[in-house]
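No hydrogens, no waters, no symmetry mates; every other heavy atom, side chains included, goes into these values. The residues of the chain are indexed from 1 along the displayed sequence.
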Amino acid sequence: MGAVVMQERRPNLTDPAVLDALAHPLRLDVLTFLGSEGPATASQCARAVGDTPSNCSYHLRVLASHGLVEPDASGDGRSRPWRATITGFTTDAVDPADAAGAQELVAASVELDHHLTREYLRGRDQVPEPWREVDAHAAYGLALSPSELTDIVRRIDDVVRPYIQATRQDPPDDAEHVHLTINAFPRIAFRRAR
């Protein structure tokens, strides 16, 4: 893997301009790549996320203008690597007037999740068998109160947090970047159907 291990830095993002900048699936993917793999050039980011170097360069500059990435000193003068300045983020204290920006960010994140899942399924037959045997998709219909859901999400986060690629100190040699997504929300249509 060879990634540079970072100290965990998960700011609570509330600035509408930052939320707007992140409400783009490609920017989220580039930020995730840099946070997981360490410093990379626009060309390396483009190969990782399936885009062009010039487009990735533009998106890197947008992310940099909001302090989410910055140039990395590891460049040799000809290459210009970038590095993530955060290992994740929350949007917990968004002003209700700015809630639309946070919702657009979540929508972009969900769009990216769906894209990554489709890409994985398209190429799943090329994935080594040990990984195909452990990939997972699970959905559950739960009966929960808001406080119970809060508790479940917190407990899942406690289990997952030690394995975050950007901050993990001791990954085994056969470790790969794994995309894990958790969605949890009430099914409003079910309520209307009662």
Side-chain angles (χ1 to χ4, degrees), residues 1 3 5-37 49 63 66-69 84-121 131 133-172 175-194:
M1 285 193 332
V5 177
M6 299 174 64
Q7 291 292 337
E8 186 166 14
R9 181 169 177 257
R10 294 179 59 83
N12 184 37
L13 303 178
T14 59
D15 181 340
V18 175
L19 296 173
D20 185 53
L22 283 174
H24 192 291
L26 185 64
R27 288 185 200 135
L28 288 173
D29 208 9
V30 167
L31 183 60
T32 299
F33 174 69
L34 291 175
S36 298
E37 296 297 323
V49 302
L63 292 169
H66 297 289
L68 302 169
V69 302
T85 61
I86 63 174
T87 58
F89 58 87
T90 62
T91 58
D92 293 338
V94 173
D95 185 308
D98 299 321
Q103 287 175 338
E104 288 176 22
L105 170 56
V106 171
S109 180
V110 169
E111 182 181 328
L112 176 59
D113 291 339
H114 287 269
H115 170 76
L116 295 174
T117 302
R118 284 190 304 272
E119 288 297 307
Y120 174 74
L121 292 174
W131 285 106
E133 290 174 355
V134 297
D135 64 12
H137 171 78
Y140 308 91
L142 307 176
L144 299 172
S145 69
S147 63
E148 288 172 322
L149 180 55
T150 298
D151 182 55
I152 287 173
V153 171
R154 182 196 51 75
R155 288 169 41 202
I156 292 170
D157 188 69
D158 289 346
V159 169
V160 171
R161 185 142 318 270
Y163 301 97
I164 292 174
Q165 189 167 350
T167 58
R168 187 165 184 194
Q169 300 282 333
D170 60 351
E176 296 284 346
H177 179 90
V178 172
H179 184 79
L180 175 67
T181 301
I182 299 166
N183 292 309
F185 49 86
R187 293 285 304 266
I188 303 302
F190 281 20
R191 174 177 280 197
R192 288 192 300 255
R194 284 192 233 160

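Here the straight-line distance linking atom CD of Gln103 with atom OG1 of Thr91 works out to 10.0 Å at 0.5 Å rounding. Atom CZ of Arg187 and atom CZ of Phe185 lie 6.5 Å apart (nearest 0.5 Å). Note that CG of Asp29 and CD of Glu111 are 11.0 Å apart. Values are rounded to the nearest 0.5 Å. Rounded to the nearest 0.5 Å, atoms CD (Glu8) and CD1 (Ile164) are 5.5 Å apart. Atom CG of Leu28 is separated from atom CG of Leu105 by 6.0 Å, given to the nearest 0.5 angstrom. Taking NE2 of His114 as the reference point, atom OG1 of Thr181 lies at 8.5 Å (rounded to 0.5 Å).
Taking a cutoff of 4.0 Å between a charged side-chain nitrogen and a carboxylate oxygen, Arg154 and Asp151 qualify as a salt bridge. Using a cutoff of 4.0 Å between basic side-chain nitrogens and carboxylate oxygens, Arg168 and Asp170 are scored as salt-bridged.
Residues Val69 and Thr85 form no side-chain contact, since every pair of their non-hydrogen atoms from C-beta on lies 4.5 Å or further apart. A heavy-atom distance below 4.5 Å is found between the side chains of Thr87 and Arg10. Using a 4.5 Å cut-off on side-chain heavy atoms (C-beta onward), Asp20 and Asp15 make no contact. Leu142 has its side chain out of reach of Glu148: every pair of non-hydrogen atoms, C-beta onward, lies at least 4.5 Å apart. Inter-residue side-chain proximity for Leu13 and Leu19 is flagged as met; some heavy-atom pair is nearer than 4.5 Å. Residues Arg155 and Val159 fail the side-chain proximity criterion, which asks for heavy atoms closer than 4.5 Å. Residues Leu68 and Leu22 are in side-chain contact: their nearest non-hydrogen atoms beyond the backbone lie under 4.5 Å apart. Using a 4.5 Å heavy-atom threshold, the side chains of Tyr120 and Asp135 count as touching.
For His24, the ring-ring contact (aromatic ring centres under 6.0 Å, His included) partners at least two apart in sequence or on another chain are His59. Applying the salt bridge (charged side-chain N to carboxylate O under 4.0 Å, His left out) test to Glu119 and every residue at least two apart in sequence or in another chain returns Arg122. With sequence neighbours excluded, no residue satisfies salt bridge (charged side-chain N to carboxylate O under 4.0 Å, His left out) with Arg118.
Looking only at atom types and distance, the side chain of His179 has a donor-acceptor partner in the side chain of Asp113 under 3.5 Å away.
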side-chain contact (heavy atoms from CB on, under 4.5 Å) between Trp131 and Val178: does it pass, once the steps are laid out? CA-CA 10 Å; Trp131 285 106; Val178 172; 3.8 Å; yes
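Between Ala23 and Ala108, the shortest heavy-atom contact is C-CB, 3.6 Å. Listed here is the closest heavy atom pair of Leu112 and Pro25: CD2-O, 3.8 Å. Closest approach of Gly35 to Ala166, counting heavy atoms only: O-CB, 2.7 Å.
At distances below 3.5 Å, at least one donor-acceptor pair connects side-chain atoms of Thr150 with backbone N or O atoms of Pro146.
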